[in-house]
Structure formats: C-alpha cells, structure tokens
Visitor: 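Provided herewith is a single structure, encoded as structure tokens, for subsequent inquiry.
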Amino acid sequence: MPELPEIETLRRDLISLGLPGRRITDVRIFWERSIQSPSPGDFSSLIRGRRVSGIRRRGKYLALDLEGNMSLLIHFRMTGGLIFTDKETDPDPHDRVIFGLDEGSLVFHDTRKFGRMVLTDEPETILHSLGPEPFDSSLTPELFFSRLTSRKRVLKALLLDQGFIAGLGNIYADESLFAAGLHPLTPSNVLDRSESEKLLRCIREVLDRGIRNRGTSLGDGESNFSSSGRYGRNADSLQVFRRAGKPCPRCAAPVERIIVAQRSTHFCPVCQPLLMKASEHATL
DNA sequence: AGTGGCCCCTGGCGGC
DNA sequence: TGCCGCCAGGGGCCAC
C-alpha cells in the first residue's frame with residue numbers, strides 16, 4: 001500500500017532515472033477504469049505528444065507535470081506502481097496503462113485495479129482537499145494542535161483522513177501512534193500541547209525513516225513497484241504493524257490488533273494507554 | 001460532526 | 001492435493 005514514503009521514493013527514482021524531459025508518444029490502456037477522467041479516448045489524444053516537465057508529490061498523489069499546462073495525477077491506492085523502463089517487453093497481465101515514450105516506456109502496473117489517474121489542467125481542484133504536507137514548515141506545532149483539538153475523532157481515523165494530514169496510510173499511522181505512545185482510540189481533543197507536539201514529531205520521524213529506507217515492502221503479493229524494482233527495507237523497522245501477538249519491542253507485552261475505521265490497527269496496550277478526559281473517567 | 005457499512009478488485013491463504 | 005470462501009485495504013459515498 002504505497003503511502004508517502006513509497007511515493008516519495010518513486011518520485012526521486014523517476015527523476016534520477018531521467019523521466020523529466022521524455023515525451024509521451026503513445027498510450028495503451030488495458031483497463032479503462034484506471035483512467036478516472038477524461039474519457040479514455042480524450043485521455044489518449046490529450047496526453048500524446050506532451051513532454052514531462054516535472055514530477056511532484058502531494059500526499060499519496062504523484063503528479064507528472066506536462067508541457068502545455070497539463071498534469072497527470074496518479075493515485076496508487078493499494079497495489080499500484082509505476083515502472084520506467086527502456087526495454088520493450090511484453091505487457092504483464094497486471095499492466096493497466098502503458099505510456100510509450102520517445103525513449104523507453106512508463107508502465108502503470110496495478111494488480112487490484114484500485115489505482116486511478118486524472119489528466120487535468122487544474123490539478124488543484126483535486127489536490128486542494130488534501131490536508132497539510134507532514135514536512136511542510138507551515139504545519140507548525142501550534143497549527144497541528146489546533147487542528148487536532150478543534151474536533152473530536154479517534155486518533156487512528158484522523159491520521160488516515162487525508163484532509164487532516166496528507167500521506168499517512170495504515171502502516172505509518174500505526175507506527176506513528178506507537179512511537180508517540182498514544183492509543184489509536186484516543187479522542188483527538190484530549191491531547192495536551194506536549195502530547196500533540198510529540199505526535200507530530202513522531203509522524204515526521206516515522207515517515208522520514210520510511211523514506212530513508214526507500215519505503216516498506218511487505219512481500220505479501222502487493223505489487224508496490226518503484227521504478228527500480230520493489231520498495232525498500234522499511235519492513236525491518238516496523239514496531240507494531242502486522243505484529244499482532246508478537247512482543248512489543250519496547251516492553252514485550254503482546255501487540256494487539258483491533259479494527260478502527262474499517263482498518264486493522266496494531267498497538268501495544270501497555271505502551272499506548274488510552275487517554276480520556278477526567279470527566280469521562282468519572283462516568284465510567 | 002463523526003462513525004459504520006458497503007463497494008471496488010484479486011492474490012493468497014486457511015479450512016476441510 | 002484441490003477447491004471454496006474469506007480477507008485486506010484507500011477512498012468515495014451513503015445512512016444514521
């Protein structure tokens with residue numbers, strides 16, 4: 001499940017492999033629903049002939065900026081990946097869209113077909129609904145605290161909400177909460193300033209480690225392809241994710257697994273006690 | 001306003 | 001061994 005560190009790794013790989021400057025000469029669409037808009041026919045005719053001028057990331061979106069004021073936004077959802085290759089090989093059964101380039105080709109690979117692309121001259125109409133970038137300096141501890149406490153939602157659900165903060169998915173949300181020592185069901189409005197500050201710091205540390213490790217490969221059938229093969233070695237750094245029943249690396253208590261917001265959620269019941277307001281304690 | 005249910009998909013895996 | 005049914009999981013949408 002590509003999250004911020006995996007998309008960032010892909011972005012950096014595509015740049016170092018020389019995708020910017022390449023021209024899209026041809027499009028083959030094998031699964032039409034991979035193209036969210038415009039229609040597959042318009043998509044092909046509008047994108048053909050354009051040169052890639054830049055590659056950005058916003059949350060879990062990768063944006064290929066194209067000459068002539070167009071952007072290709074790609075969301076990889078669960079199993080999507082993008083492979084930039086100079087070899088002409090037969091399409092894999094899971095290749096959904098192949099862009100022929102003036103040199104090489106760019107393959108959108110997506111086993112479970114959840115990924116989506118949008119070709120648009122107004123990417124902001126899609127990206128504006130995303131919350132702040134975790135590493136953006138405009139996301140100050142004060143702003144994070146006010147966003148956290150101005151509503152009452154369980155922390156896990158809030159961290160997964162791309163409108164609250166952009167780029168966290170199930171893996172890095174669980175790992176951030178573990179690092180911060182916060183129970184996933186903690187209501188967001190009970191955190192004090194220092195707990196909020198710690199959570200923001202932990203989110204940044206967990207994501208930064210993920211990027212330095214070139215992302216997380218779980219090796220369980222999810223494709224998660226970066227352009228230079230599978231994603232990186234961050235699985236070795238995971239403390240609680242998919243470790244239910246195994247000892248907490250900090251205190252050795254068994255890691256628990258619960259469902260929160262329809263997502264499996266992993267935490268240490270000892271290191272991540274549930275905080276509540278004093279008034280709510282009294283009523284229990 | 002916040003949460004839960006359901007949907008989209010398919011490979012992998014547990015159960016028998 | 002083989003087959004069936006269940007599950008994960010990001011995000012959109014709808015109901016409560």
Side-chain angles (χ1 to χ4, degrees), chain A residues 1-8 10 29-37 57-62 73-82 91-97 108-118 125-131 134 146-177 183-191 207 210 215-225 230-231 235 238 240-245 255 257-267 274 276-277 280:
Chain A
M1 56 212 89
E3 306 179 29
L4 187 152
E6 290 76 34
I7 310 301
E8 181 61 24
L10 174 60
I29 299 170
F30 301 100
W31 183 254
E32 295 201 341
R33 297 181 69 174
S34 296
I35 312 295
Q36 185 174 316
S37 74
R57 181 193 56 75
R58 177 78 171 90
K60 301 180 200 172
Y61 282 92
L62 189 75
L73 297 181
I74 307 176
H75 197 299
F76 297 94
R77 297 285 177 93
M78 304 296 306
T79 57
L82 206 52
D92 178 279
H94 299 122
D95 292 347
R96 307 306 178 193
V97 180
F108 179 68
H109 185 275
D110 187 18
T111 308
R112 292 187 194 167
K113 300 178 174 174
F114 285 120
R116 294 290 179 267
M117 298 182 195
V118 176
T125 60
I126 289 169
L127 300 179
H128 84 275
S129 62
L130 295 174
S146 74
R147 288 173 66 78
L148 207 52
T149 53
S150 66
R151 64 197 95 192
K152 179 179 181 178
R153 292 184 66 186
V154 298
L155 286 180
K156 174 68 184 278
L158 201 50
L159 294 188
L160 290 178
D161 183 344
Q162 301 302 299
F164 175 72
I165 188 166
L168 287 176
N170 216 26
I171 299 175
Y172 296 98
D174 280 4
E175 293 296 313
S176 297
L177 289 171
H183 193 291
L185 291 175
T186 309
S188 59
N189 64 336
V190 307
L191 296 201
L207 291 175
T216 303
S217 288
L218 291 172
D220 60 357
E222 296 164 4
S223 38
N224 285 357
F225 281 106
R230 291 189 80 81
Y231 284 123
L238 300 181
V240 289
F241 189 77
R242 291 207 184 158
R243 292 179 46 83
V255 170
R257 176 180 179 272
I258 59 175
I259 302 294
V260 183
Q262 272 76 254
R263 300 287 173 260
S264 61
T265 298
H266 315 75
F267 68 103
L274 185 55
M276 283 181 291
K277 280 192 168 164
E280 293 176 14

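Order of the sequence lines fixes the chain letters, A, B, ..., with proteins taken first and strands second; residue numbering starts at 1 for each chain. These figures come from a predicted structure and were not determined experimentally.
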Visitor: Within less than 4.0 Å of OP1 or OP2 of B:dC9, is there a side-chain N or O belonging to A:His94?
Guide: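 Answer no for this pair, as no side-chain N or O of A:His94 is under 4.0 Å from OP1 or OP2.
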
Visitor: If we ignore hydrogens and angles and just use 3.5 Å, is the side chain of A:Asp174 paired with the main-chain N or O of A:Val240 as donor and acceptor?
Guide: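 Not confirmed, A:Asp174 side chain does not pair with A:Val240 backbone.
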
Visitor: Enumerate the residues from residues 167-176 of chain A whose closest heavy atom to DNA chain B is under 4.0 Å, giving them by residue number; use none for an empty result.
Guide: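 Hits under 4.0 Å, by residue number: none.
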
Visitor: Respond yes when some side-chain nitrogen or oxygen of A:Arg257 is under 4.0 Å from OP1 or OP2 of C:dA8, and no when none is.
Guide: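 Looking at the OP1 and OP2 atoms of C:dA8, one of them is under 4.0 Å from a side-chain N or O of A:Arg257.
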
Visitor: Checking A:Glu32 side chain against A:Phe30 main chain: does a donor-acceptor pair fall under 3.5 Å?
Guide: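 The answer is no, because no donor-acceptor pair under 3.5 Å joins these two groups.
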
Visitor: Side-chain N or O of A:Lys60 less than 4.0 angstrom from OP1 or OP2 on C:dG10?
Guide: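 No, outside the criterion.
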
Visitor: Any side-chain heavy-atom pair from A:Leu177 and A:Phe267 closer than 4.5 angstrom?
Guide: no

Visitor: Test side-chain hydrogen bond (donor to acceptor under 3.5 Å, both in side chains) on A:Tyr172 and A:Glu6; report intermediate values, then the result.
Guide: CA-CA 11 Å; A:Tyr172 296 98; A:Glu6 290 76 34; 2.7 Å; yes

Visitor: Quick one: does any side-chain atom of A:Ser188 pair with a main-chain N or O of A:Arg151 as donor and acceptor, under 3.5 Å?
Guide: yes

Visitor: Please state how far atom CG in A:Leu159 lies from atom C1' in C:dG11, giving the value in whole angstrom units.
Guide: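 It is 16 Å, rounded to the nearest whole Å.
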
Visitor: Grab the CZ-C1' distance between A:Arg77 and B:dC9 for me, whole Å please.
Guide: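 Between C1' of B:dC9 and CZ of A:Arg77: 12 Å.
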
Visitor: Counting only side-chain nitrogens and oxygens, does A:His75 get under 4.0 Å of the OP1 or OP2 atom of C:dG10?
Guide: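 Answer is no, no contact under 4.0 Å.
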
Visitor: Looking at side-chain heavy atoms only, is the closest gap between A:Asp161 and A:Arg153 below 4.5 Å?
Guide: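 In contact.
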
Visitor: Quick one: does A:Lys60's side chain get under 4.5 Å of A:Phe76's, heavy atoms only?
Guide: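 Counting from C-beta outward, A:Lys60 and A:Phe76 never come under 4.5 Å.
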
Visitor: Can you list the residues that meet the side-chain hydrogen bond (donor to acceptor under 3.5 Å, both in side chains) rule with A:Thr265, with sequence neighbours excluded?
Guide: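 Only A:Lys156 meet the side-chain hydrogen bond (donor to acceptor under 3.5 Å, both in side chains) criterion with A:Thr265.
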
Visitor: Checking the side chain of A:Arg96 only, and the main-chain atoms of A:Asp110 only, is there a donor and an acceptor separated by less than 3.5 Å?
Guide: yes

Visitor: Any side-chain heavy-atom pair from A:Leu155 and A:Pro184 closer than 4.5 angstrom?
Guide: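 The answer is no, as the side chains (C-beta and beyond) never meet within the 4.5 Å cut-off.
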
Visitor: Return the angle between end axes of the helix from B:dG2-C:dC16 to B:dC16-C:dG2, with five pairs used per end and rounding to 10°.
Guide: 50°

Visitor: Contacts to DNA chain B from residues 30-37 of chain A, heavy-atom cutoff under 4.0 Å, which residues?
Guide: A:Trp31, A:Arg33

Visitor: Would you kindly give the CG-to-P distance between A:Leu160 and C:dG12, to the nearest whole Å?
Guide: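 After rounding, the gap between these two atoms is 13 Å.
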
Visitor: Report yes if a side-chain nitrogen or oxygen of A:Thr79 is closer than 4.0 Å to either non-bridging phosphate oxygen (OP1 or OP2) of C:dG9; otherwise report no.
Guide: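 False: A:Thr79 side-chain N/O out of range (4.0 Å or more) of C:dG9 OP1/OP2.
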
Visitor: Could you check how far CZ of A:Phe114 sits from C1' of B:dT10, rounded to whole Å?
Guide: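 For the pair A:Phe114 CZ and B:dT10 C1', the rounded distance is 8 Å.
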
Visitor: Rounded to the nearest Å, what distance is computed from the CE atom of residue A:Met117 to the P atom of nucleotide C:dG11?
Guide: 16 Å

Visitor: Within the structure, does a side-chain N or O atom of A:Gln162 lie under 4.0 Å from either OP1 or OP2 of C:dG11?
Guide: yes

Visitor: Which nucleotide sits closest to the side chain of A:Phe241: B:dC9, C:dG11, C:dG9?
Guide: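 Closest nucleotide to the A:Phe241 side chain: C:dG9.
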
Visitor: Would you say that A:Tyr61 contacts A:Ile126 through its side chain, given a criterion of any heavy-atom pair below 4.5 Å between the two side chains?
Guide: yes

Visitor: Identify each atom pair where a protein N or O and an N or O of nucleotides 2-6 of chain B are less than 3.5 Å apart, giving names and distance.
Guide:
| residue | atom | partner | partner atom | Å |
| --- | --- | --- | --- | --- |
| B:dG2 | OP1 | A:Lys152 | N | 3.0 |
| B:dT3 | OP1 | A:Val154 | N | 3.1 |
| B:dT3 | OP2 | A:Arg153 | NE | 3.1 |
| B:dG5 | N7 | A:Gln262 | NE2 | 3.0 |

Visitor: Rounded to the Å, how far apart are A:Leu73 CG and C:dG11 P?
Guide: 14 Å

Visitor: Quick one: does any side-chain atom of A:Gln36 pair with a main-chain N or O of A:Arg116 as donor and acceptor, under 3.5 Å?
Guide: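 Pair absent, no side-chain N/O of A:Gln36 close to backbone of A:Arg116.
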
Visitor: Considering residues at least two apart in sequence or located in another chain, which fulfil the ring pair (Phe, Tyr, Trp, His ring centres under 6.0 Å) criterion with A:Phe114?
Guide: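 Not a single residue meets the ring pair (Phe, Tyr, Trp, His ring centres under 6.0 Å) criterion with A:Phe114.
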
Visitor: B:dC7 C1' sits how many Å from A:Met78 CE, rounded?
Guide: 14 Å

Visitor: Would you say the side-chain atoms of A:Glu8 pair up with the backbone N or O of A:Arg57, donor to acceptor, closer than 3.5 Å?
Guide: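 Such a contact is absent between A:Glu8 side chain and A:Arg57 backbone.
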
Visitor: State, with a plain yes or no, whether a side-chain heavy atom of A:Lys113 is found less than 4.5 Å away from one of A:Arg33.
Guide: no

Visitor: Starting from C1' on B:dC9, measure out to CZ on A:Phe76 and report it in whole angstrom.
Guide: 18 Å

